[in-house]
Amino acid sequence: MKDSDDAARPEVLPERPQSPRPNYVTPAGLRRLRDQASGLAARLQELGPSPDSNEMALLQRDLRWVEGRVLRAILVDPAGQALDRVCFGMTVDVRHEDGGTEALTIVGEDEAEPAIGRISWSSPLAEALLDAEPGDEVVWQRPAGKTRLEIIGVRRS
């Protein structure tokens, strides 16, 4: 049974967990995290003198999470890396077994957007590609089975 005073109290929200992995980020990824933190802080300021307590609790929790991601960020700038092998922050051009080609950029967990070819460095696909050189063939263990990818080239994003 709920107490009538409970309606005015904000729900206690669990914290958003941080990934246990290192938070490698590209320069663009770090900018996005900082912009996200600024946006959340601005939204908190806009709430006014009598804010919705649940909305405020959500925004505060999300801001703590983003600020934690920024604090744990390990900046990796691909500009200083050689183009002789697949590294974090680089785009790798691959040829699939069926002859089709694809460009994949290896980025941080918060930057990953697989639908547009931006894959997390900790994904099985990125793990198969990392440290490979142009001309190498790598095996990617997918849920549907193994597939081979040929590294066509490596370039900066």
Side-chain angles (χ1 to χ4, degrees), residues 10-48 51-96 101-144 146-147 149-157:
E11 182 180 341
V12 177
L13 299 171
E15 289 298 313
R16 291 177 60 186
Q18 293 285 340
S19 171
R21 295 182 182 93
N23 188 24
Y24 297 119
V25 295
T26 64
L30 185 55
R31 277 191 303 276
R32 273 190 231 111
L33 282 171
R34 287 178 174 154
D35 289 348
Q36 190 177 0
S38 295
L40 288 166
R43 285 179 53 200
L44 275 168
Q45 291 293 323
E46 293 169 0
L47 287 180
D52 175 304
S53 56
N54 287 324
E55 182 180 5
M56 186 168 77
L58 275 169
L59 289 170
Q60 288 171 332
R61 180 192 67 173
D62 290 348
L63 181 57
R64 284 190 303 274
W65 182 84
V66 173
E67 287 174 338
R69 297 301 287 165
V70 170
L71 286 173
R72 295 181 63 232
I74 302 166
L75 181 62
V76 180
D77 191 348
Q81 299 184 40
L83 297 173
D84 61 344
R85 65 184 52 245
V86 179
C87 299
F88 179 89
M90 303 294 240
T91 297
V92 57
D93 297 305
V94 299
R95 179 173 292 117
H96 294 270
T101 60
E102 182 177 20
L104 300 164
T105 303
I106 300 176
V107 296
E109 290 177 331
D110 302 318
E111 304 172 75
E113 293 182 61
I116 61 169
R118 298 176 60 81
I119 60 172
S120 169
W121 69 272
S122 61
S123 69
L125 177 53
E127 288 176 357
L129 296 170
L130 284 167
D131 291 325
E133 300 175 7
D136 284 353
E137 192 174 90
V138 299
V139 176
W140 171 32
Q141 178 63 52
R142 303 176 304 157
K146 291 181 182 178
T147 189
L149 302 171
E150 178 189 354
I151 309 302
I152 300 170
V154 179
R155 56 192 161 91
R156 290 184 182 86
S157 304

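Quick caveat: nothing in here was measured; it's all calculated off a predicted structure.
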Taken in chain and number order and not counting sequence neighbours, the residues that satisfy side chain to side chain donor-acceptor pair (under 3.5 Å) with Thr101 are none
Within the distance-only criterion (no hydrogens, no angle test), does the side chain of Glu109 pair as donor or acceptor with the backbone N or O of Ser19 below 3.5 angstrom?
no
Pro17 backbone acceptor or donor facing Trp65 side chain under 3.5 Å:
yes
With Leu149 as partner, the option from Glu137, His96, Glu102 fulfilling side-chain contact (heavy atoms from CB on, under 4.5 Å) is His96
What one should report as the nearest heavy-atom pair of Ala112 and Ile119 is CB-C, 4.2 Å
request  = For the pair Asn23 (side chain) and Arg69 (backbone), establish whether a donor and an acceptor sit closer than 3.5 Å, ignoring hydrogens and angles.
outcome  = yes
Here the gap from Thr147 atom OG1 to Gln141 atom CD, rounded to the nearest 0.5 Å, amounts to 10.0 Å
* **Heavy-atom side-chain contact between Leu47 and Arg43 under 4.5 Å** => no
On a heavy-atom basis, the closest approach of Arg155 and Leu83 is CA-CD2, 3.8 Å
What one should report as the nearest heavy-atom pair of Ala126 and Trp121 is CB-O, 3.6 Å
Here the gap from Glu67 atom CD to Gln60 atom CD, rounded to the nearest 0.5 Å, amounts to 10.5 Å
Between Val94 and the options Val138, Leu129, Leu125, the side-chain contact (heavy atoms from CB on, under 4.5 Å) test singles out Leu129
Trace of the salt bridge (Lys or Arg N to Asp or Glu O under 4.0 Å) decision for Asp110 with Arg32: CA-CA 9 Å; Asp110 302 318; Arg32 273 190 231 111; over 6 Å; no
So CG of Leu40 and CG of Asp35: to nearest 0.5 Å the spacing works out to 11.0 Å
If you count every heavy atom of other residues, nucleotides or ligands that lies below 6.0 Å from Glu15 atom CD, does the total exceed 12? yes
So do the side chains of Leu44 and Met56 get within less than 4.5 Å of each other, counting heavy atoms only? yes
inquiry  = Tell me if the CZ atom of Arg118 is crowded by more than 12 foreign heavy atoms within 6.0 Å.
reply    = yes
Residues Ile106 and Cys87: closest non-hydrogen pair is CB-O, 4.3 Å
*Kindly say whether Arg61 contributes a backbone atom to a donor-acceptor pair with the side chain of Arg16 at under 3.5 angstrom?*
no
In this structure, CG of Leu75 is separated from CZ of Arg31 (nearest 0.5 Å) by 9.5 Å
Taking every heavy atom of Val154 against every heavy atom of Arg85, the minimum-distance pair comes out as CG1-O, 3.6 Å
Inset, instruction - Check whether any side-chain heavy atom of Thr105 lies under 4.5 Å from a side-chain heavy atom of Glu111, and answer yes or no. - result: no
Nearest heavy-atom contact between Ser157 and Gly89 is OG-O, 3.0 Å
Inset, instruction - Might you work through the side chain to side chain contact (heavy atoms under 4.5 Å, CB included) test for Val70 and Arg34, ending with a clear yes or no? - result: CA-CA 7 Å; Val70 170; Arg34 287 178 174 154; 4.3 Å; yes
